[in-house]
Number of protein chains: 2
Amino acid sequence: MEKYEDLKLENQICFPLYSVSRLITRAYKPYLDTMGLTYPQYLVLLVLWEKDAQTVNEIGKKLLLNTNTLSPLIQRMQKNDLVVRTRSSEDERTVMVSLTSKGLSFKEEAKSIPEDLLGKLLHEDVEVTDVLLLKKTLDSWIEILNNEKEMNINSKK
Amino acid sequence: MEKYEDLKLENQICFPLYSVSRLITRAYKPYLDTMGLTYPQYLVLLVLWEKDAQTVNEIGKKLLLNTNTLSPLIQRMQKNDLVVRTRSSEDERTVMVSLTSKGLSFKEEAKSIPEDLLGKLLHEDVEVTDVLLLKKTLDSWIEILNNEKEMNINSKK
DNA sequence: CACGATTATATCGTGCGCGATGCAAATTTA
DNA sequence: TAAATTTGCATCGCGCACGATATAATCGTG
């Protein structure tokens, strides 16, 4: 076993994660271009399609994104008539993000994307069970890595 | 089964991939900050540590990144004295990227990162076999998604 | 009730990713 | 060999991510 075996690209686990993430965003592009959406914007719509009218904070918690990413992103979405932002009257600090009729209408158009894309990713060597196991591992890592971040925040006190 | 079941965030496979990729980059940060590196810059070093003196093109093929991403990235690395860029005399178009002594010296410092990080990601619910299966699935998807891109290029002719 | 701490959002700067485009060197073709 | 094409790298513009910071509004505590 060579001394630097772990540093070889082919032995990395994080690099394929990073690459697949980018390649998947790219694979979404042709679908999303027809609606004038980017992948992160599509994620915001996924959240709002499940439950309309949520604060920037709620959306951020679900997508694991901070407001310094979401604020301008949602502003661009408003400019493209996908959502509207309204400051709450009860708590003037919070901004409610709601779907426009255009933003809602894309739900129907997006319905077939996940299955369509999954079809491309499944073949004789990668079965549905593999994907489910993969998702289980990823969800577990999200738990670990996201908690670690919050632990750092708390330990700073 | 609800009509829009596939659009629910919790049923997505691409979203956890996207999130884990970002969270892992974040997990690398404390290690890389001590060397003044970003994660993509670290990837370039991984490639050069395996074989010094490669062209921008070779590095890009291995990292699946285009020159419009790599050119400025490598220029920043040169500014930080991690690599040097020299135009080849045989083919004036190509730029050879070589490690500086500083860039090479970080190899020793980076040696423990992968194992250290993997340690955090392994626990009772996620074993080494799960990670190996995950890597196999991801590598297969890289194959599929990256070929698809090249097929598009060819079909444009 | 006052005032310090917390919370929600926004802004700024930097570094990716990447589509589109530019340009010069090399290669192919006529 | 001249002209057309391809190749390798770079630049530009835009949209994320994200650390740092700012600015209100609200909350908690004395």
Side-chain angles (χ1 to χ4, degrees), chain A residues 18-30 32-33 36-44 54-61 63-80 85-97 146 149 152-154 156-157, chain B residues 18-30 32-33 36-44 54-61 63-80 85-97 146 149 152-154 156-157:
Chain A
Y18 156 84
S19 297
V20 167
S21 174
R22 283 175 33 240
L23 291 171
I24 280 187
T25 301
R26 199 182 293 171
Y28 264 98
K29 198 168 185 309
L32 300 181
D33 273 352
L37 287 171
T38 65
Y39 183 68
Q41 289 175 14
Y42 166 74
L43 290 179
V44 170
Q54 298 188 55
T55 66
V56 176
N57 217 342
E58 285 177 284
I59 297 170
K61 281 214 173 94
L63 297 182
L64 311 181
L65 289 169
N66 292 326
T67 58
N68 52 0
T69 297
L70 277 178
S71 278
L73 191 155
I74 291 173
Q75 285 168 21
R76 281 187 291 272
M77 291 180 76
Q78 182 168 36
K79 210 173 278 178
N80 293 337
R85 299 179 313 132
T86 43
R87 246 171 221 286
S88 162
S89 50
E90 302 142 35
D91 187 337
E92 284 285 337
R93 294 170 305 177
T94 67
V95 169
M96 290 293 291
V97 184
N146 204 40
K149 171 188 156 194
N152 288 339
I153 291 171
N154 294 335
K156 273 183 193 160
K157 288 183 188 170
Chain B
Y18 157 84
S19 297
V20 166
S21 175
R22 283 175 32 241
L23 291 171
I24 280 186
T25 302
R26 198 180 294 171
Y28 263 97
K29 197 168 186 309
L32 300 180
D33 273 352
L37 286 171
T38 65
Y39 183 67
Q41 290 174 13
Y42 166 74
L43 291 179
V44 170
Q54 299 188 55
T55 66
V56 176
N57 218 339
E58 285 179 284
I59 297 170
K61 280 211 174 97
L63 296 182
L64 312 180
L65 289 170
N66 293 326
T67 58
N68 53 0
T69 297
L70 276 180
S71 278
L73 191 154
I74 292 172
Q75 284 168 21
R76 281 187 292 271
M77 292 180 76
Q78 182 168 35
K79 209 174 278 178
N80 293 337
R85 300 180 311 133
T86 44
R87 250 173 216 285
S88 162
S89 50
E90 302 142 36
D91 187 338
E92 284 285 336
R93 292 170 305 176
T94 66
V95 169
M96 290 293 291
V97 184
N146 204 41
K149 171 188 156 196
N152 288 340
I153 291 171
N154 294 337
K156 271 182 195 162
K157 287 182 190 172

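Proteins come first, then strands; the chains are lettered A, B, ... in the order of their sequence lines, and each starts at number 1.
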A.B. asks: Within the structure, does a side-chain N or O atom of A/Thr67 lie under 4.0 Å from either OP1 or OP2 of C/dT9?
C.D. replies: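 Looking at the OP1 and OP2 atoms of C/dT9, neither is under 4.0 Å from any side-chain N or O of A/Thr67.
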A.B. asks: For A/Asp91 and for B/Ser71, find the nucleotide of DNA chain D with the closest heavy atom, then tell me which residue's nucleotide is more 5'.
C.D. replies: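 Checking each residue's closest nucleotide, the 5'-ward one belongs to B/Ser71.
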A.B. asks: Quickly work out the B/Tyr28 OH to D/dG19 C1' distance and round it to whole Å.
C.D. replies: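 Taking atom C1' of D/dG19 as the reference, OH of B/Tyr28 is at 21 Å.
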A.B. asks: Do you know which two heavy atoms are closest between B/Gln54 and B/Glu58, and how far apart they sit?
C.D. replies: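 Scanning both residues, the minimum pair turns out to be CA-OE1, 3.5 Å.
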A.B. asks: Just jot down the side chain to side chain contact (heavy atoms under 4.5 Å, CB included) partners of A/Ser19, sequence neighbours excluded, or say none.
C.D. replies: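 If we apply the side chain to side chain contact (heavy atoms under 4.5 Å, CB included) test to A/Ser19, skipping adjacent residues, the hits are A/Phe15, A/Arg22, B/Leu64, B/Ile142.
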A.B. asks: So if I define the base as every atom that isn't primed, P, OP1 or OP2, how would nucleotides 12-17 of chain D read as a B/S/- string at a heavy-atom cutoff under 4.0 Å?
C.D. replies: ---SSB
A.B. asks: For the pair made of NZ in B/Lys29 and P in C/dT14, what is the distance, rounded to whole Å?
C.D. replies: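 Distance, rounded to whole Å: 14 Å.
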A.B. asks: By the 4.0 Å heavy-atom rule, please label A/Thr25 as base, sugar-phosphate, or nothing.
C.D. replies: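 The residue A/Thr25 makes no contact with any strand.
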A.B. asks: C/dT14 C1' sits how many Å from B/Asp33 CG, rounded?
C.D. replies: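 Atom CG in B/Asp33 sits about 13 Å away from atom C1' in C/dT14.
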A.B. asks: Starting from C1' on C/dA24, measure out to CG on B/Asn57 and report it in whole angstrom.
C.D. replies: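 After rounding, the reported distance stands at 16 Å.
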A.B. asks: Output all residues satisfying side chain to side chain contact (heavy atoms under 4.5 Å, CB included) with A/Asn68, sequence neighbours left out; order by chain, then residue number.
C.D. replies: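 With neighbours one apart ignored, the set is A/Asn66.
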A.B. asks: When you match A/Arg87 and B/Glu92 each to their closest nucleotide on DNA chain C, which lands nearer the 5' end?
C.D. replies: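 The residue closer to the strand's 5' end, by nearest nucleotide, is A/Arg87.
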A.B. asks: So A/Glu58, base contact, sugar-phosphate only, or nothing? Heavy-atom distance under 4.0 Å.
C.D. replies: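 Nothing, no heavy atom under 4.0 Å.
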A.B. asks: Side chains of B/Leu70 and B/Val44: closer than 4.5 Å at any heavy-atom pair?
C.D. replies: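 SC-SC contact between B/Leu70 and B/Val44 confirmed.
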A.B. asks: With rounding to the nearest 0.5 angstrom, report the NZ to CG distance, B/Lys61 to B/Asn57.
C.D. replies: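 Taking NZ in B/Lys61 and CG in B/Asn57, the distance rounds to 4.5 Å.
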A.B. asks: Expressed as a whole number of angstroms, how long is the span from B/Gln75:CD to D/dT11:C1'?
C.D. replies: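 So the CD-C1' distance, B/Gln75 to D/dT11, works out to 9 Å.
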A.B. asks: Output the rounded distance in Å from CZ (B/Arg85) to C1' (D/dA10).
C.D. replies: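 To the nearest whole Å, that distance equals 9 Å.
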A.B. asks: State whether the distance check finds a donor on one side and an acceptor on the other, under 3.5 Å, for side chain A/Arg93 versus base C/dT9.
C.D. replies: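 Answer is no: no donor-acceptor pair is held.
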A.B. asks: Measure the distance from CG on A/Asn66 to C1' on D/dA22 and round it to the nearest whole Å.
C.D. replies: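 The answer, rounded to whole Å, is 16 Å.
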A.B. asks: Counting the atoms with a prime plus P, OP1 and OP2 as sugar-phosphate, which does A/Thr94 contact under 4.0 Å by heavy atoms, base, sugar-phosphate, or nothing?
C.D. replies: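 Sugar-phosphate, no base atom in range.
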A.B. asks: Starting from P on D/dT11, measure out to CD1 on B/Ile74 and report it in whole angstrom.
C.D. replies: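 Result: 12 Å.
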A.B. asks: Under the 3.5 angstrom rule, does the side chain of B/Arg87 hit a backbone N or O of B/Arg93 as a donor-acceptor pair?
C.D. replies: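 Checked: pair present.
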A.B. asks: If every non-hydrogen atom of A/Ser88 is compared with every non-hydrogen atom of A/Glu90, which pair is closest and at what distance?
C.D. replies: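 Heavy-atom minimum between the residues: OG-N, 3.2 Å.
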